[in-house]
Every structure is written in C-alpha cells, then in structure tokens.
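For the numbers below, each heavy atom of this structure counts, side chains included, while hydrogens, waters and symmetry mates do not.
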Amino acid sequence: MVLANFTFQKEAMYQDLLENAEQIAGNDMVQLLALGPDAPSATAYDFDEPPLEGLDELKPPESMYTILDADSSQRRCILCAADGHSFVMDGPPGTGKSQTIANMIAELMAVGKTVLFVSEKAAALDVVRDRLTSQGLQHFLFELHSHAATRKEVAAELSRTLRQRVQLTSTFSGQDERNLARDRQKLTDFASAMNEVDPNLGWSLFTVLGRLAELDRHLDASVPTHRRWADLTEEGLAEIRQHASTLGRVWDAVADEDSYLWRDLKNDQLGPADAREYGRYATRALESARLVYERVAAIDAELDLSIAADVKGIQRRLDLLEALDDRPKGVPVWFDCDHLDGLEERLQEAQEDLKTIALRVDALESAGFRRWRQVPVALRSALFQGSEHPLVPSGATASQLNSLTSTLEAMAALLSTLNEDATELADLLGLKTAPATIRRASDVSRLAMLAAEANRPEPEWLNSAVIARVSECLDVMDAVVEHANRRQEALREVFTPEVLELDLPSLIVRFRDTHKGFKRFSSAARSDRKLIKAVSVSGRCDKEVLAKLDEAASWQLAGQCPVGWWTLDRRGFTRGDQRVMVNARRFDVVRPRVQRRPVWRR
C-alpha cells in the first residue's frame, strides 16, 4: 500500500486511468511504449532510419526549416519526425534534446502541421518555449499550463492570434544558399578524407590521430619530409612496432648513460652464441672477483690491515707483499738466532771478494785506465754487457778514447761557461730559478734578446693570467667556429652563403610580428620575401624556409666572432666594436670602451 497526498490534477489523471484501464492497455502506442519490440504492434511502427552518411543528399540543410544548430544524429531525428514516424529519442543530459524538439516543432509548423508538446515537468516546457521565442516564433505558441492556463488568458491569447498577422522577412539569398552548399561539401569531403581507410595501412587518419591521443608519453619522431611515410604498409607498421618494442626493452642502455657496462661495445652483430659467450666471461669474472676478495680478506687478517677493498687498496696490498718479499735474506736471523757463526762465514766471503776487486782495479790502472771511476754508470753497464755505446764503439783504440776524453773535457768547460752566462741572465731578468738544462738556457737567452728589441711585447703578454685567458678565449673561438661550420652544413640545402649579408634579426622580427594578417600583402612584406627568395636554394619563401631563419641568424652571429683582426687586453679580445670576453668558457659580445692595444693575428 502507498499512502500519499495527490493534487487535484493527479487525482483526475489517476481516476481516468483507473476507469479506462482496458481501453488504454489496448492502445497500440501504449503497448509499444510498455513492451518495446515485443509488443504486438511493433511491426506497425517499425521504419528504417536514414543513414548518417547520406543525410545531405537525402535532405539538404538549405531545404529544411531548422531554426537551431543540429548535428547529424539530431537531423536524423528531425527528418523522422517530419515523415510522421513514431519513435523514442533518448540521450544523456546536455546532449541537445530540447533543442532538437524545438527544431522538430519548427519543421512541422513549416509544413502546416499542429504540434502538441507535453511534459511531466513545466521546466522542460519553458526551455522549449524560450528556444522558439528566441527565434521569433512566439506568435505561433499557445500555452496551456501555469498562469497562462486560465480561461481569461486563453481567450485573450486566441483573440491576439486571430487579429495579428505575422510578416516574414528573409535575408538568406540564393548566393548564401550556394555558399552554404559549397562549404558543406568541403566539410563533407574533409570528413570523408579523415575517415577514408588507407588500403596499405588499413587505418584511417582519424584512427591514427585517436591512437596518438592515447599515448601519454611519446617521442616526436617526425621528419622534415613525409614522402617516406606515404607508402607505409601494414607490414611496415608492424615492423616499426617490433623495432620500437625491441628498443623499449633495451632503453636502459640510453637512460643509464655512462654507467651502462656495455655502452662502448663496438660489435653490433651479436647473436645468441655471442651472448652466451659473454655470459661465461661475466661468470668467470665474477668468480675471479670472489677469489680476489677472499685473498684480500686473508691478507688483511694475516697482516692486521684495514685498507679499502677497491682497486687502489688491492694495489697497495700487492706493493706491501712485494716489499716483504724483497727484504734482505737472513736479516730476521740476526734478531732471532743464538749465535753468529753463519754471519762470520759470510763476512769472510765478502772480504775475499773485496781483495779480488782490489787486484782487478790495480790491473786496470796498470793498463792505463786511471780514470775509469769517472765513466758513467750507463756506459759501464753497456760496455760490461758487450753492447756498443753511441760514443764509444766496440772496436775503439786507446788513441780514439783519449781523443774522446779531450772532446768531453772541452765540452764540460763550455757547458760550465754556458751555465754561468745563463745564471747571470736569469738574475738580470729577475727569474727566481736558474736554468738547469740547455733548452732552459736557450729560452732565457731568447727572452733576453726579446727584451733588447726596439718593439718589445706588452707586459700583459707575459702575464700568466692573461695567457690563460687567451688560451680559454681561443678555445671559445674554436667552439664558435665549429658551431658556425655545423650551422653552415645544416643550412647548405636551404640558404646560400649570401644569407649572411642580410639583417637577419630584423627580418625575423618583421616576419614574426609585422607581416601578419593583411600586412602580409604589403610592399614591405613583398620586399622582404624577395630578399629571402634571393638567398634560398629553392628560390622560394615558404614556411619551411622562414622556420630556418633563426638557425641562419645563429650561423651569422657565430661567423662574425672568430675571424679577422683582434686586439688583446686583460679581459679578452677586441675587434672593431665587438669584444669577446672569457667567463667560465662562455663568450659575450659587448662594445669596448677604448681600443689601444696592438693587434695580434689569430
């Protein structure tokens, strides 16, 4: 049981349904609404809906009386209603049901039909009424609800309708109709092209864009020209996907950068057998590392060491073990044994050896070799081993050796004089250390000769800080030259070298900010495009060429810096009204205050 309060109108409706239940239940429309396709009268109301793709051919929009915007699904409902079909239009909130009903009413009114629009809620009636009123059809509406449902209001509304004649004016000309048909055909062709399935790929452009929209993260793999993708087939796409999947599995090699162990592997033709072989190498390396770690642990426990177990620590342990192996033999016995009998025997052997050496020395001096102790150790080792020394041939006679001795004594005296002169020059020049080699003495002498010149170098040139800045500046200019060469190589197929003679920054600003809209057809814009055409390889001034102007400007700026004559001072190089200053391996171009230094050619 349900106990509730009913309004007078609802009570009357309930009583009407109760008294006429059998007649209402036997109505074909009621059965169809209640049972749907299972209703006995379902076939009587069945009809074929017009296809969405052929609506424009079936009923062109310019021949309809639709007063509000309608898409293809809404237009299909309007056409079905105009043909007198009975149907249920279903749709979620906000999909335009009220707007479609207003279009149905206007379409039926245009063919002379009377429309009764009912709704359970008055708000739905108001929405449709407001839409019709906004289009100037309020004179054709007759409200039968709310405050307008009184007898007085109904009579007044009927009186106004009978006395008033509505005059229609139209601003939609035949040309407008033709323009509308042309624009509609363009949109239809565009939609058909978007949904046309490529015979090779098996996808439409609409499907491709939908798949791209599903990708949250993707890399832009676009290329300058798209001709290579025009012949892409479904098999080619499958191959690209396979390569992409393979690349995704090995992407750690790219993400980890230098920490990836196999990054510098040169052989790119590795197969499963190679992988297994490298796996065996890795296993053996792991086993060797484990054994080394065990040996290191044993050495640390034996020698009571606390050194890091890295490569440097292992090398320190090896050096320590070698030092222990090279210690003098028998030394520990001197501290552990009870008597020195063995030491006395070794001392007697050493004395006998010394006597033998003394006899051989006497024999050498008796043979005329009195200065044999002054022979360098390297020469003595070479002669002892039987090899030929560059200064002393193996078959040299005594006279040749005496001549060589005299020459060496003269060279010693000359070197002594040279050392004294170089030391004196170093003191005069204020050098902190005296020259220790012939090359160093030669450098000191050249420095002294440079100081005696009439046109001496600037003091800053001998400043180590300035020299370091000059070196950094040269590195920067080398980088700029390399950058200019890369830009030239990259733009070789787009611009000719004459593009560097243009005012590229101004052209970029004008094409970006000034030559827009109708100003693109001005004489200034045509003049600028003519300049670009004159320096482009293709002889055109299209979007691709204009997109490369920024790179051409970078090429121009890089090409202006490291070429020509430069002036050196404490802050860097200066050429004309530009300066290149070294600052953390970067360069800036500024205007100098004064240019008063000699020039130095790079």
Side-chain angles (χ1 to χ4, degrees), residues 1-50 65 67-68 73-133 137-162:
M1 296 178 59
V2 177
L3 183 62
N5 293 326
F6 290 89
T7 62
F8 174 78
Q9 293 86 351
K10 290 186 177 181
E11 177 65 24
M13 292 172 58
Y14 175 76
Q15 190 65 31
D16 186 27
L17 293 174
L18 185 62
E19 294 176 356
N20 302 282
E22 295 182 1
Q23 182 179 358
I24 294 173
N27 186 274
D28 294 342
M29 185 62 67
V30 174
Q31 293 178 359
L32 187 61
L33 290 175
L35 301 178
D38 298 332
S41 60
T43 56
Y45 293 95
D46 190 17
F47 65 94
D48 294 331
E49 301 178 14
Y65 298 94
I67 58 175
L68 299 172
S73 62
Q74 295 171 344
R75 286 182 57 203
R76 181 166 61 179
C77 294
I78 296 171
L79 293 176
C80 291
D83 292 339
H85 297 298
S86 297
F87 59 92
V88 175
M89 182 177 64
D90 186 21
T95 55
K97 296 186 296 298
S98 299
Q99 183 165 322
T100 305
I101 293 173
N103 284 327
M104 289 179 182
I105 294 174
E107 195 74 28
L108 294 172
M109 286 172 56
V111 296
K113 293 185 178 181
T114 301
V115 181
L116 175 63
F117 177 46
V118 296
S119 175
E120 181 181 1
K121 297 181 180 180
L125 299 176
D126 295 337
V127 170
V128 175
R129 180 201 60 193
D130 293 341
R131 294 182 183 275
L132 294 173
T133 301
L137 299 180
Q138 65 273 11
H139 302 292
F140 299 93
L141 303 181
F142 185 38
E143 298 186 53
L144 294 176
H145 71 96
S146 70
H147 63 279
T150 63
R151 288 181 293 178
K152 182 178 180 180
E153 292 293 336
V154 170
E157 182 66 24
L158 289 175
S159 177
R160 285 192 299 268
T161 304
L162 292 175

task = Specify the closest pair of heavy atoms between Arg129 and Leu141, including all atoms of both residues, with the distance to one decimal.
result = CG-CD1, 3.8 Å
query = Are Leu132 and Ile67 close enough that some pair of their side-chain heavy atoms sits under 4.5 Å apart?
reply = yes
remark   = On a heavy-atom basis, the closest approach of Ala124 and Ser119 is CB-OG, 3.4 Å
ask   = Can you tell me how far the CZ atom of Phe117 sits from the CD atom of Glu143, to the nearest 0.5 Å?
value = 12.0 Å
query = How long is the span from the CG atom in Leu33 to the CG atom in Asp28, to the nearest 0.5 Å?
reply = 11.0 Å
ask   = About how many Å separate CD of Glu120 and CG of Leu125, when rounded to the nearest 0.5 Å?
value = 11.0 Å
Closest approach of Asn103 to Leu68 (non-hydrogen atoms, all atoms of both residues) = OD1-N, 2.9 Å
task = Step through the shown structure and confirm whether more than 12 heavy atoms of other residues, nucleotides or ligands are within 6.0 Å of OH on Tyr45.
result = yes
query = What's the spacing between Glu22 CD and Ile24 CD1 if we round to 0.5 Å?
reply = 11.0 Å
query = Is the backbone N or O of Glu157 less than 3.5 Å from a side-chain atom of Thr161, with the two atoms forming a donor-acceptor pair by type?
reply = yes
task = State, to 0.1 Å, how close Leu35 and Pro40 come at their nearest heavy-atom pair, and which atoms those are.
result = CD1-CD, 4.3 Å
key: Least distance between heavy atoms, Gln74 atom then Thr100 atom   = CG-OG1, 3.3 Å
In residues 79-93, what donor-acceptor pairs under 3.5 Å come from side-chain atoms, sequence neighbours left out?
none

inquiry  = Looking at every heavy atom in both Gln31 and Ser41, which two are closest together, and how far apart are they?
reply    = OE1-OG, 4.3 Å
inquiry  = Using the ring pair (Phe, Tyr, Trp, His ring centres under 6.0 Å) criterion, which residues pair with His139? Sequence neighbours excluded.
reply    = none
query = If you measure from CD1 on Ile105 to OG1 on Thr114, what distance do you get to the nearest 0.5 Å?
reply = 11.5 Å
note = The reported gap from CG in Leu18 to CE in Met13 (rounded to nearest 0.5 angstrom) is 13.5 Å
